[in-house]
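Here is the structure we will look at, set down as structure tokens.
Bear in mind the structure is a predicted one, so any value in this text is a computation, not a measurement. Note that these values count all heavy atoms, side chains included, but never hydrogens, waters or copies made by symmetry.
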Amino acid sequence: MPSFDHKKIEKKWQKEWERSKIYEVKDQPKAGRPRAGNFYTLIEFPYPSGNIHAGHWYAFPIPDIFARKKRMEGKNVLFPIGFDAFGLPAENAAIKRGINPKKWTYENIDYMRKQLRSMGASFDWSREVITADPEYYKWTQWIFLQFLKKGLAYQAVTAVNWCPKDKTVLANEQVVGGKCERCGSEVVQREMKQWMLKITDYAERLLSGLAKLNWKEEIKEAQRNWIGKSEGAEIEFEITGTPTYSGEVVFASNNQGKLKRMQKLFKAAGLAIKLKSPKEIGIKDFDVLEDGKTLAENSEKKARALAGKTKLSVLADDSGFFIDGAEIDPMMVKRNALNGKDEKSLSVEEIGALMLEYYKKIAAERGGKVDAEWRNSLCLVTSEKFAIHVEARRPVILTDKPHGAMDPSLPLRPLYMSRATGKYVLEQSEDEEMKELLPIIEGIKKLFTPSIKVFTTRPDTLFGATYLVFAPEHPFIAMGNEKSLFENKKEIDEYLKKAKSKTQLERQQGAKEKTGVELKGIKAINPANGEEIPVWVADYVLGGYGTGAIMAVPAHDERDFEFAKKFALPIRKVINPVLQHFLQNADSIASGAPASIAIEAECWEGAGELINSGSFDGMDSAKAKNEITKFVGGKIKTQYKLRDWVVSRQRYWGVPIPVIHCPKCGVQAVQDKDLPVVLPEIKDYLPTGEGKSPLAKAEKWLKVKCPECGGPAKRETDTLDTFVDSSWYFLRYCDPKNADAFADEAKIKAWMPVNLYSGGAEHTTMHLLYSRFWYKAMFDLGLIPKELGDEPYRERRNRGIILGPDGQKMSKSKGNVIDPDEYIKKFGSDTVRMYLAFIGPYGEVGSYPWDPHGILGIKRFLDRVWNLAEASAKKSLAKAQDLQDLAQRDGASRAIPQQRDMRVLANFGAETTESARLVRATNKTIKQVSENIEDFKFNTAISALMILLSDMEKGEGAKVDGVFSIFLKLLSPFAPHLTEEIWNKMRSKSAQGGPASGWKSIHLEKWPEFDPKLLEEDTFELIVQVNGKMRDKFEVPINISQAEAERLTLEREKVKLALDNKKPRKVIFVPKRLINFVV
RNA sequence: GCCCGAGUGGCGGAAUGGCAGACGCGCACGACUCAAAAUCGUGUGCCGCAAGGCAUGUGGGUUCGACUCCCACCUCGGGCACCA
């Protein structure tokens, strides 16, 4: 059988389409309804690795089928393509083979462009976007700077995944099984300063936004799991014990007598702490009242001086405290806290409460936090330095009388004149002073033994918390070690060292085996029952999640249970499980699975009645969650697994982060007029090895003037993660050439949000989440029109993967790699794309082996199409190819509505029963192919086309010409070249006198519509069942009554046999389907 | 371990409460041919000569009727992995 010349045809039409730009799309924004008629279908753009593989063939020409159909349906379809052009492979090629990464990348793009064109996909190439073009990354940088200004981008020292071979930081997502996704070397943890994006701020919206999206539930679920929301409580545990305190404290008083008395108290309390006055450490101008300067100025100076001289500064009583090295004057605090209220009208407690509020406020403003508070005093711990302000809540006695005029009978001595009131403050007796200082001692103790917050999702099990565990990274461990809080410091140090040296891989592999060391010398107090419980450090607790410390409830947590078992820690059951699950499924369990399985499963999880929980005994665990949290003063809290997104990469081939570091002004954004910060050409692409980008070696580029002060400054040398580039490319497609903005608002309104986004399942938790975050952040910045909402993709579909013929993933080592080029050469692009469309359902994440024989079936099918066209041309049956022509012959106007096509055709075809049958078959095929394409079930659409082709081949006597042109249109999205060729051949022949002067693309034709009336049949095949088993079937009128159906059925021999003379107990009749006799 | 998805002929798959296996591959036989390839035609789940029986991972349930819905288990694929 002759085969069509795919080489000639495909090249010819690819050229024609390109020349005539039939796939270029206009924005067509309309006032009022800017999106009317517009349809945005998006495919993940490829990385230009340089070779097109079977995966590309699966990714691009298959959704093209959908895009083409939408276009034929009359939609104004945006179907763009571009290149995700930054990334490591280019740089690795540069390092390995000395090739310029830019050259490497752009040459690959040139090559891939040709390859992509050969697929016959209807991309609008005029909108091509390349992320490595300065015209593109100018806007990546610009948007980043908007984030920076909004506080969404920040720098922080953080433990990052470090690949020792690639010498770069990896995102969590790029670490696979503890190994570098790219090179496979083991990833280690390293502390480095990184640029981060605050994706965690959007955790809740990323979660709730999913609800309204038309995505598959499994994709949403994967994102939900990644965000990892859990609701629970934060509960504080006090730490006690008799630790040996040591260190040096500067007591902010030059009053020697007071210092001595204080030292006495320290001794009595067992604090081996040296007490010093400010004078002793060389601060002379301590007494702020003798100074003419304002209190605040003085305080700051003092604070700086103190901070440099001693590690821990305690400023107590009548002095201030530090926040991040700056001292706050308590008198000022008091004034501001009172905010005009009369001090005398308030009780001591009320004043204390107001001051506490104010402390919290300023602490928050400066990035610190009030970490603990207790009745008589305050403790403030900030992130880096910490300081304490202890204020005894004593009554302050004020008098107008000067020193000498005091009543000698009073045990008081005047101390100083209060600046705030102008009155004399009287100091109490020594004894009273000692009493007053006691809370200060307590405060200092508390500083060393602060209470620890834990996060738990099970506050209802608090009474069962029999020990407390810190993550090795918890700051308390380092602090406690430094202050010699622990008796077994050596053991702890060793454990920490071991834990730290573990690579991510080791930590994962040893996951099940619990290790840990007790922190001897301290205990924690279970706030629920006041019990003293041991405190441990163990690496099964993660530093990065929750508070980095947990309360362990071994009776109701599997991990705690294992740990407790190993180290012989007490286990206390506090929930009496209601076997809800068991009860619910009593039926099935009774007959099926053994009940013990269900009971065992209830051990860790689940609700129940509280036991061993004091006054909460008998309470339902769900209720107890809130009640116990309230009881111990805890806070309901929501935690997320999602971490902030580390976007900096110490690599060359990426978007330079557009900031400047100035020694005077700090981090400065590059000004808009200086964007883009162009990636400089360099010679040596190797990273520095200390984790700096190769850009650090580009000295000329590096040195720059500070945009703020004009002084010498340096550029940031890190580049952005490529996930940043791909987080907004779909916006640039809307307006790819815009030099004044990332995209014009009207054009964004014309296209966004994306109607349908097709891509690989591997991007579910990375690209898809990142770009949703990015879009939401842009939305909040006002860069996305409000009416579009804050979700970029309305519908998302993940595709599966193509395996090698052996059913394994294709890999060179397995030798099962399919080279699509080979098949293109042999069979042509139409055959290959159609075979891949036929291989399995595209909307499901299946994996389909490439069957080298299977493709022959498609090749045969297309050959048959070709031959049928040739044959009908020869028979000159093809005079009225086009339905429009038919319609004209029918006397109707040219503008006949599509939905009437079938009726027109029916009139023509109904000359014979065979023709009528064919017309009906065609009508059905239109319906099925249309619906199947919509659902991405290209396999069944093709199956329907195959059936119709067989019908046409068989229907020799039938008038098939009109049917054939409908068939061609239905086939055209699948085999765009072949159908275009046949279509135009037919047209030129029907237009008498040789080839038509111009050609008319089938791809711009209207998509056929079916006639619902023609779907209706007069008869149907009645299925006869006896007890649900099919026994017979026969043709009956469509609207047959049950009685009639019964009568006819019971007459039939087969039925009589099956019924075996028994009388039916019940008859079920389903109209248009079946009749079922139950005996 | 947890979460998600899937288990149907020799193979890819179809049918989402009503004829299990559409369509394609493969295979067998036939036609054409000196012959082969290609092409066309017929057949093709398993057991059975047949009538008939058995069949959608396994066991149970719901239903007149289950590949389809429910429960439990098994296997495979993907994701996460000590997230308290």
Side-chain angles (χ1 to χ4, degrees), chain A residues 1-3 177 216-222 224-226 228-230 232 454-458 461 469 507-508 510-514 538-542 544-547 549-553 556-560 562-563 584-585 587-594 597-598 639-642 761-762 764-765 800-801 807 835 838-841 844-858 860-861 863-864 867 937 939-947 950 953 1021-1033 1057 1064-1068 1070 1073-1079:
Chain A
M1 187 198 237
S3 178
K216 274 216 164 148
E217 206 40 52
E218 66 220 58
I219 306 178
K220 292 188 188 179
E221 196 56 29
R224 280 189 204 113
N225 288 342
W226 193 265
K229 180 179 181 171
S230 43
V454 304
F455 174 73
T456 178
T457 53
R458 296 297 304 273
T461 63
V469 193
R507 221 170 149 157
Q508 258 171 39
K512 284 293 132 213
E513 187 61 27
K514 300 278 183 291
D539 67 1
Y540 85 91
V541 174
L542 305 172
Y545 182 77
T547 62
I550 62 151
M551 61 180 225
V553 188
H556 302 285
D557 182 276
E558 205 174 341
R559 297 150 300 180
D560 296 343
E562 254 174 69
F563 192 80
Q584 239 168 32
N585 303 294
D587 291 352
S588 53
I589 289 166
S591 48
I597 293 169
Q639 279 289 341
Y640 301 91
K641 281 194 232 173
L642 188 69
E762 69 275 20
T764 304
T765 47
I801 50 167
Y835 169 61
F838 188 58
I839 206 166
E844 280 166 37
V845 191
S847 46
Y848 312 106
W850 175 292
D851 179 0
H853 293 291
I855 195 167
L856 287 171
I858 296 292
R860 284 175 197 146
F861 168 73
D863 277 343
R864 276 161 61 199
N867 287 317
K937 285 159 104 179
N939 53 337
T940 49
I942 291 170
S943 154
L945 288 167
M946 287 172 164
I947 294 168
S950 296
E953 283 171 338
E1021 201 165 49
L1022 181 72
I1023 305 300
V1024 186
Q1025 292 183 339
V1026 176
N1027 287 335
K1029 269 189 185 157
M1030 208 270 287
R1031 294 296 175 182
D1032 198 5
K1033 55 183 170 184
L1057 207 71
R1065 202 150 44 79
K1066 198 172 168 189
V1067 181
I1068 284 129
V1070 185
R1073 243 180 236 284
L1074 59 80
I1075 188 158
N1076 186 13
F1077 296 96
V1078 187
V1079 291

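- By the 4.5 Å heavy-atom criterion applied to side chains, A/Asp557 and A/Ile550 are not counted as neighbours.
- Of the candidate nucleotides B/C23, B/A84, B/G12, B/C23 has the atom nearest to the side chain of A/Met946.
- Going from the P atom of B/C3 to that of B/U8 covers 24 Å, rounded to whole Å.
- Residue contacts for A/Ile947: at a heavy-atom cut-off of 4.0 Å it reaches the sugar-phosphate backbone alone, with no base atom in range.
- Side-chain N/O atoms of A/Lys641 include none lying less than 4.0 angstrom from OP1 or OP2 on B/G79.
- Distance CG/A/Asp863 to CD1/A/Ile858: 11.5 Å, rounded to 0.5 Å.
- In this structure B/A35 sits in no base pair that meets the Watson-Crick or G-U test at under 3.5 Å.
- For A/Glu513 and B/G1, the CD to P distance is 17 Å, given to the nearest whole Å.
- Of the listed nucleotides (B/C82, B/G24, B/A15), B/A15 has the atom at the smallest distance from the side chain of A/Thr940.
- Residue A/Phe838 is in base contact, counting any heavy-atom pair closer than 4.0 Å across all strands shown.
- Atom P of B/A20 sits at a distance of 12 Å from the matching atom of B/U56, rounded to the whole Å.
- Nucleotides B/A72 and B/A22 place their C1' atoms 33 Å apart, quoted to the nearest Å.
- For B/G5, its base never sits under 3.5 Å from the side chain of A/Glu844 at any donor and acceptor pair.
- The partner of B/G77 is B/C4, by the rule that a Watson-Crick or G-U pair needs both atom distances under 3.5 Å.
- Atoms CD1 (A/Ile219) and P (B/G79) sit 15 Å apart, rounded to a whole Å.
- No cation-pi contact links A/Lys514 to A/Phe563, judged by a cut-off of 6.0 Å to the six-membered ring centre and 45° from its axis.
- When the side-chain nitrogen and oxygen atoms of A/Asn939 are compared with OP1 and OP2 of B/A14, one or more of them lie within a distance under 4.0 Å.
- Comparing A/Asn225 and A/Gly854 against RNA chain B, the residue whose closest nucleotide sits nearer the 5' end is A/Asn225.
- Between A/Asn1076 atom CG and B/C19 atom P the separation is 11 Å, expressed in whole Å.
- In this entry the distance linking CZ of A/Arg1073 with C1' of B/G65 reads 13 Å, nearest Å.
- Nucleic acid contact class of A/Glu218 (heavy atoms, under 4.0 Å, all strands): sugar-phosphate only.
- If you take CG of A/Asp557 and C1' of B/A84, they are 6 Å apart, rounded to a whole angstrom.
- B/C23 sits 27 Å from B/C32 when the C1' atoms are compared, rounded to a whole Å.
- A straight line from CH2 of A/Trp226 to C1' of B/C4 spans 15 Å, rounded to a whole angstrom.
- The phosphate of B/A84 (OP1 or OP2) has a side-chain N or O of A/Ser230 nearer than 4.0 angstrom.
- Across all strands, A/Ile550 comes closer than 4.0 Å to base atoms (heavy-atom distances).
- Side chain of A/Ile1023, nearest nucleotide from B/G12, B/C82, B/C19: B/C19.
- Regarding the sugar-base torsion, B/G9 falls in the syn class, its angle being within 90° of 0.
- Taking atom CZ of A/Arg1031 as the reference point, atom C1' of B/C19 lies 13 Å away to the nearest angstrom.
- In plain terms, the two heavy atoms of A/Tyr540 and A/Ala552 that are nearest each other are OH-CB, 4.3 Å.
- Separating the P atom of B/C11 from that of B/G57 is a span of 13 Å, rounded to the nearest Å.
- Between the C1' atoms of B/C80 and B/C47, the separation comes to 46 Å (whole Å).
- Taking only side-chain atoms of A/Glu221, from C-beta outward, the nucleotide of B/G13, B/A22, B/C3 with the closest atom is B/C3.
- Positionally, the nearest nucleotide of RNA chain B for A/Gly840 lies more toward the 5' end than for the other of A/Tyr545 and A/Gly840.
- Taking 3.5 Å as the limit, the base of B/C64 and the side chain of A/Lys1066 contain no donor-acceptor pair of atoms between them.
- The partner of B/C19 is absent, by the rule that a Watson-Crick or G-U pair needs both atom distances under 3.5 Å.
- Side chain A/Lys514 to base B/C82: a donor-acceptor pair is found below 3.5 Å.
- Taking the side chain of A/Val541 as heavy atoms from C-beta on, and the options B/G12, B/G26, B/A84, the nearest nucleotide is B/A84.
- Within the 4.0 Å cut-off from OP1 or OP2 of B/U39, at least one side-chain nitrogen or oxygen of A/Arg860 is found.
- Using N1 to N3 plus N6-O4 or O6-N4 for Watson-Crick, or N1-O2 and O6-N3 for G-U wobble, each under 3.5 Å, B/G59 pairs with B/C71.
- In this entry B/G45 has B/C54 as its Watson-Crick or G-U wobble partner, both defining distances falling under 3.5 Å.
- As rounded to the nearest Å, B/C70 and B/A81 have P atoms that lie 30 Å from one another.
- Side-chain proximity of A/Pro841 to B/A14, B/C25, B/A84: nearest is B/A14.
- Looking at A/Asn939 and A/Lys937, their side chains come closer than 4.5 Å, going by heavy atoms from C-beta outward.
- Residue contacts for A/Glu1021: at a heavy-atom cut-off of 4.0 Å it reaches a base atom on one of the strands shown.
- B/C4 and B/A55 have their C1' atoms separated by 30 Å, with the value rounded to a whole Å.
- Between A/Lys1029 and B/C54 there is a side-chain N or O to OP1 or OP2 distance below 4.0 Å.
- Spacing between atom CE of A/Met551 and atom P of B/A84 amounts to 13 Å, rounded to whole angstrom units.
- Counting any heavy atom pair closer than 4.0 Å across all strands shown, A/Lys229 reaches no nucleic acid atom.
- At a threshold of 4.5 Å between non-hydrogen side-chain atoms, the residues A/Val1078 and A/Val1067 do not count as touching.
- A/Tyr835 and A/Asp851 are not linked by any side-chain donor-acceptor pair at a separation below 3.5 angstrom, with hydrogens and angles left out of the test.
- Between the side chain of A/Ser950 and the main chain of A/Met946, a donor-acceptor pair closer than 3.5 Å is present.
- Ion pairing between A/Glu217 and A/Arg224 holds under the 4.0 Å rule for side-chain N and carboxylate O.
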